[in-house]
Each structure stands twice: as C-alpha cells, then as structure tokens.
Amino acid sequence: MKKGIILKGIAGFYYVKDENKVYECKARGIFRNKKITPLVGDYVLFSIDPITEKGSIEKIFERKVELVRPSVANVEQAVIVISVKNPQPNLQLLDKFLLMGELSKLELIICINKADLDEEGYINRIIDIYKNTNYEIIPSSTKDNKGIDSMRKILKDKITVFAGPSGVGKSSILNAIQSDLELNTGEISKKIKRGKHTTRHSELLELELGGWVVDTPGFTSLNTEAVDLEVLGQLFPEFDNATSQCKFSNCIHIDEPQCGVKTAAKEGYISNSRYNNYIYFAKEIINYRSRRY
Ligand code: GDP
Ligand code: ZN
C-alpha cells in the first residue's frame, strides 16, 4: 500500500501523489457508506492495480484541520496578503482575515506587498500595530524581489492557503516564488466565466522547493457574525495575557469594569487599531444575535 496526498478531485476521481508520481484513484465504497468524502489535502493510503496502474483509496488519515471555503483538508497556514497601495491597507479587513484564520486554527503570516510603493511608511506602522500578535510579518515586492526568499522559507514543506483582497498581488507573489504555478485566482476564474452550475474545486499545487499551495484564495466568505462572542477575544492572540486580568471571567472587554484588555489597550500593549476592530466585530456579532432571537 502506498501513502500519498490528494492533490485534486474531479467527479469521483482523486489524483493522489506519493513521493514520485500522481495516480488516478477512486475511493472505496466504504467511504460512501460512511458518508465520508475524500478532500483535497487528505493524506491517504491507497493500493494500485498492477495492470491498470489505477488506484483505490483505502484509508484517509485523520484531518488536522478542514477548511470550508475552499474545501481543503490539512491546510497548516495562511498567508494574508495586503498591499501598501492599490489597494491601500484596510486593517479591519486584514483583522477579519486573521480572525477567520484563527478560527480555522492556522498559522498566520501577514505579507505586506508592493513595498516598492511605500512612500507613506505604512509598513512600519503596520509592524507596530501587530507587534504583540506574534504573527510573522513579511514586507514584499514582486517588482524588486523583496521578501520572496523569506516567503519561500515559510512555504517549504507545508500546505498553505493565500488570502487577501483582490489586487494586492497574491498571484504575482506566487509567480515570483515559482513561475510555472498555474493559479486560479478569483479574477481569472471570473474572466473564464464558468457556467453557473460548474463548481470549482480547489487543487494543491506542488512547489519545487517542497510544500503545497492551494490554487484558490482562502476565506472568500468572511462570515464573522457566526463567531461566538465568548470566543472572539481568544482569536486575538495579544489579548491572551490581558484577559487573565479581567475581573469577570465572561468579560467581553467592552463596557465591563476592571477589564485587562481595556487596560492593555490604554497602555498600548494592544494597539488601538486592533482593539477598535475587536469592538467592531463584537458589535456585529451582538447585532446578528439580536436579529436572530
Ligand atoms: P491578486 O488579485 O492579489 O492576485 O493580485 P495580482 O497578482 O493580480 O496583482 C495585482 C496588480 O498588482 C498587478 O497589476 C500586479 O502587476 C501589481 N503588483 C503585484 N505585486 C506588486 C508589487 O510588489 N509592486 C507593485 N508596484 N505592483 C505589484
Ligand atoms: Zn475584559
């Protein structure tokens, strides 16, 4: 039996790669009976028919994570890309992406692209705002190859999804890392104008340096309203230490007295930008709840 990873799935066929090559496989009936659908990113055991060389997926290893949009298993990290200009940084949107990444339990990296256009000093300001988040921040420019080597180091041997607003340079960065990657960015799929009923499945693209990149952008629906208010604060890593200073264990860090988070925000350990976006999301959730009940 061979061990491999599912790179692509089309109409019941799965393309599974072992160390050397890709095999076309079908899933055993037991999965259908158990209502388990193999996912791109699944690590599997499969057997090969010696004559046809076609495979049969026998076992799916437990998924560490399961992304919903795109539907990919075992993604380890997300690179959230923003740019200093065209479009300008929208930190509320960035925080929303980070939130979705935290919710999916991914390692998160912030890439600030178009560093060549940084006349306003956005990069330093953003580094300062996120200094206590523990997110790695990579300034990059595909015009002068800045940050591309750092990005290669981060991507090596891992499964990564890229996310971020359109136009920030996600495809350009991946092309700078490896020029022959065939990406399906939202823009490109829109241009092709697929039929309404053709669902687009994501694929894993294997990097020469080792590792895989999901070929479609991650977190295309940023549905923060569904997050539990009690959980929201836990999705801001720099709130961690501060919450232990809150008087109330169920503190949501807005109007409560003796709130460690508010104090940390006042003292600058938590940046205003992050705290204000937290409040914005919290109010979104509260409004959503009051509409539902
Ligand atoms: P995506 O929508 O995030 O995939 O963005 P693209 O990769 O399609 O890039 C959008 C536009 O930004 C294109 O016109 C690129 O040439 C441009 N671009 C990408 N990276 C950089 C960069 O580092 N500096 C500058 N000045 N422009 C860039
Ligand atoms: Zn609090």
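The chain is numbered in sequence order, starting from 1.
- Put simply, Leu117 and Ile173 are part of two different groups of oily side chains (I, L, V, M, F, W, Y) that touch within less than 4.5 Å, one to the next.
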**Prompt:** Checking salt bridge (Lys or Arg N to Asp or Glu O under 4.0 Å) for the pair Lys114/Glu120: CA distance, chi angles, key distance, verdict?
**Reply:** CA-CA 12 Å; Lys114 310 197 189 185; Glu120 329 277 340; over 6 Å; no
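- Salt-bridge annotation for Asp18 and Lys3: absent, with no side-chain N of the basic residue lying under 4.0 Å from a carboxylate O of the acidic one.
- Gln178 and Asp180 share a donor-acceptor pair across their side chains, judged by distance under 3.5 Å alone.
- Side-chain contact annotation: Tyr288 with Asn223, donor-acceptor N/O pair under 3.5 Å absent.
- Taking CG of Leu181 as the reference point, atom CG of Leu174 lies at 6.0 Å (rounded to 0.5 Å).
- For Tyr23 and Tyr15, the distance between ring centers is not under 6.0 angstrom.
- By the criterion of side-chain heavy atoms lying less than 4.5 angstrom apart, applied directly or through intervening Ile, Leu, Val, Met, Phe, Trp or Tyr residues, Leu235 is grouped together with Tyr269 in one hydrophobic cluster.
- A side-chain donor from one of Asp144 and Ser141 sits under 3.5 Å from a side-chain acceptor of the other.
- Note on Tyr278 and Phe97: separate hydrophobic clusters, where clusters join Ile, Leu, Val, Met, Phe, Trp and Tyr whose side-chain heavy atoms are under 4.5 Å apart, directly or indirectly.
- Going from atom CD1 of Ile57 over to atom CG of Leu45 covers 10.5 Å, rounded to the nearest 0.5 Å.
- With respect to the salt-bridge test (charged N to carboxylate O, under 4.0 angstrom), the residues Arg291 and Glu284 do not qualify.
- Lys21 has a carboxylate O that lies under 4.0 Å from a charged side-chain N of Glu53, or vice versa, which qualifies the two as a salt bridge.
- Phe13 carries Lys26 over the face of its six-membered ring, with the cationic atom under 6.0 Å from the centre and within 45° of the normal.
- Salt bridge Glu136/Lys153: absent, no basic N to carboxylate O contact under 4.0 Å.
- Listed by chain and number, the residues in a side-chain hydrogen bond (donor to acceptor under 3.5 Å, both in side chains) with Lys17 are Glu206 (sequence neighbours excluded).
- A salt bridge links Lys54 with Glu24; the closest basic N to acidic carboxylate O contact falls under 4.0 Å.
- Applying the 6.0 Å contact sphere to NZ of Lys266 captures no more than 12 heavy atoms from other residues, nucleotides or ligands.
- Within the model, atoms OH of Tyr14 and CG of Asp42 stand 9.0 Å from one another, a figure rounded to the nearest 0.5 Å.
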Please list, one pair per line, the donor and acceptor atoms closer than 3.5 Å that link side chains of residues 98-113 to other protein atoms, with sequence neighbours excluded.
from, atom 1, to, atom 2, distance (Å)
Glu102, OE2, Tyr135, OH, 2.5
Ser104, OG, Met100, O, 3.2
Asn113, OD1, Ser140, OG, 2.8
Asn113, ND2, Val168, O, 2.8

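- For the pair Lys283 and Tyr280, the cation does not sit on the ring face, since its NZ or CZ is not both under 6.0 Å from the ring centre and inside 45° of the axis.
- Between the CD1 atom of Ile285 and the CG atom of Asn287 there is a distance of 10.0 Å, given to the nearest 0.5 Å.
- Comment: Lys131 engages Asp128 in a salt bridge, judged by a side-chain N to carboxylate O separation of less than 4.0 angstrom.
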Donor-acceptor contacts under 3.5 Å from residues 236-247 side chains, at least two apart:
from, atom 1, to, atom 2, distance (Å)
Glu238, OE1, Arg274, NH2, 3.0
Glu238, OE2, Arg274, NE, 2.7
Thr243, OG1, Phe239, O, 3.4
Thr243, OG1, Asp240, O, 2.8
Ser244, OG, Asn241, O, 2.6

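- Side-chain heavy atoms closer than 4.5 Å link hydrophobic residues (I, L, V, M, F, W, Y) into clusters, and following such links, possibly through other members, connects Val81 to Leu207.
- Remark: Arg69 CZ is loosely packed, at most 12 non-hydrogen atoms of other residues, nucleotides or ligands lying under 6.0 Å away.
- Of the possible donor and acceptor atoms, none in the side chain of Arg28 sits under 3.5 Å from a partner among the backbone N and O of Lys59.
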